Amino acid sequence: MDKQRKEEIITEYKQQKSTGGVYSIYNKGTGKRFIKGDANLEAVKNRFMFSQKINSPFTVVMKADWAQYGPDSFVLEILEEIKMENEESPRAFRDRLKKLEEQWKEKYPAELRY
């Protein structure tokens with residue numbers, strides 16, 4: 001691959017609109033949820049599937065329940081997707097995701113969240 005084509009591919013990649021959003025990892029055994037916003041939901045899906053495949057908790061706050069109930073007791077749910085706006089900076093996008101995450105957390109009682 002020549003240098004110019006490589007630079008074109010990198011530029012195209014950087015110009016892709018990121019699909020972020022808020023997701024939940026739901027524990028069917030306890031009814032508890034881990035709710036988080038992320039700028040790249042596709043990466044979250046991949047990390048979650050990998051965690052299940054190698055039987056390693058997705059996040060440390062789930063470690064005890066993951067060990068007790070097993071990886072198949074956890075389900076990834078996309079609660080809301082948003083796209084990065086044309087003129088929006090990555091920082092502004094992350095700030096918007098954080099606010100959206102807080103709105104989703106308010107919908108569930110604290111005792112049912114990780």
Side-chain angles (χ1 to χ4, degrees):
M1 179 181 306
D2 66 10
K3 184 177 180 180
Q4 182 180 357
R5 180 64 184 138
K6 185 176 180 180
E7 288 175 3
E8 288 172 1
I9 291 171
I10 291 171
T11 301
E12 289 172 10
Y13 176 77
K14 288 181 178 180
Q15 291 176 348
Q16 284 180 333
K17 293 292 177 219
S18 180
T19 300
V22 178
Y23 66 92
S24 164
I25 297 179
Y26 176 68
N27 180 339
K28 296 183 281 186
T30 64
K32 292 174 82 174
R33 296 177 180 273
F34 174 77
I35 299 172
K36 183 85 172 131
D38 198 283
N40 187 339
L41 289 178
E42 197 60 37
V44 169
K45 291 175 190 176
N46 290 337
R47 282 193 321 259
F48 180 73
M49 288 187 330
F50 183 71
S51 290
Q52 285 189 308
K53 189 178 282 189
I54 65 168
N55 193 19
S56 176
F58 184 80
T59 182
V60 71
V61 298
M62 296 179 193
K63 188 174 182 176
D65 285 349
W66 193 281
Q68 181 177 354
Y69 295 97
D72 293 335
S73 290
F74 292 84
V75 179
L76 175 69
E77 300 172 340
I78 303 302
L79 300 175
E80 188 169 345
E81 288 185 20
I82 61 171
K83 291 222 181 259
M84 191 168 161
E85 301 294 331
N86 287 334
E87 301 301 318
E88 189 173 30
S89 71
R91 182 183 180 100
F93 186 53
R94 286 191 307 271
D95 289 345
R96 192 159 54 109
L97 282 167
K98 187 67 178 165
K99 289 176 187 171
L100 193 59
E101 174 187 324
E102 292 304 319
Q103 291 172 355
W104 274 99
K105 283 181 177 179
E106 290 174 2
K107 295 179 181 187
Y108 297 96
E111 61 273 6
L112 291 179
R113 288 185 276 137
Y114 284 102

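Note that the numbering runs from 1 along the sequence shown for the chain. Keep in mind it's a predicted model, so treat the numbers as computed, not measured.
Taking N46 as the reference, E42, M49 meet the side-chain contact (heavy atoms from CB on, under 4.5 Å) condition, with sequence neighbours excluded. By the salt bridge (charged side-chain N to carboxylate O under 4.0 Å, His left out) test, E77 pairs with R33, sequence neighbours left out. Residues satisfying the ring pair (Phe, Tyr, Trp, His ring centres under 6.0 Å) test with W104, not counting sequence neighbours, are none. Among residues two or more places apart in sequence or in another chain, the side-chain contact (heavy atoms from CB on, under 4.5 Å) test is passed with L112 by P109. Every residue was checked against the side chain to side chain donor-acceptor pair (under 3.5 Å) condition with Q103, not counting sequence neighbours, and none meets it. Legend: residues meeting side chain to side chain donor-acceptor pair (under 3.5 Å) with S73, ordered by chain and number and at least two apart, are absent. Take E102 and apply the salt bridge (charged side-chain N to carboxylate O under 4.0 Å, His left out) test, not counting sequence neighbours, and it matches K98.
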| task | Report the C-alpha separation of N27 and Y114 in whole Å, then their side-chain angles, then the decisive distance to 0.1 Å, and conclude whether the side-chain contact (heavy atoms from CB on, under 4.5 Å) test is met. | result | CA-CA 10 Å; N27 180 339; Y114 284 102; 2.9 Å; yes
| task | Evaluate side-chain contact (heavy atoms from CB on, under 4.5 Å) for F93 paired with R96, printing each intermediate quantity in order. | result | CA-CA 5 Å; F93 186 53; R96 192 159 54 109; 3.6 Å; yes
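Heavy-atom contacts from other residues, nucleotides or ligands closer than 6.0 Å to CZ of F50 number 12 or fewer.
Listed by first and then second residue, the salt bridge (charged side-chain N to carboxylate O under 4.0 Å, His left out) pairs that reach into residues 104-114 are E101-K105, sequence neighbours excluded. The salt bridge (charged side-chain N to carboxylate O under 4.0 Å, His left out) pairs that include a residue from residues 57-76 number zero, where partners must be two or more places apart or lie in different chains.
Taking every heavy atom of both residues into account, L97 and G21 meet most closely at CD2-N, 3.3 Å.
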Scan the side chains in residues 51-58 for donor-acceptor partners under 3.5 Å anywhere in the protein, sequence neighbours excluded, and list what turns up.
| residue | atom | partner | partner atom | Å |
| --- | --- | --- | --- | --- |
| S51 | OG | R47 | O | 3.1 |
| Q52 | NE2 | P71 | O | 2.8 |
| Q52 | NE2 | F74 | O | 3.1 |
| N55 | OD1 | W66 | NE1 | 2.9 |

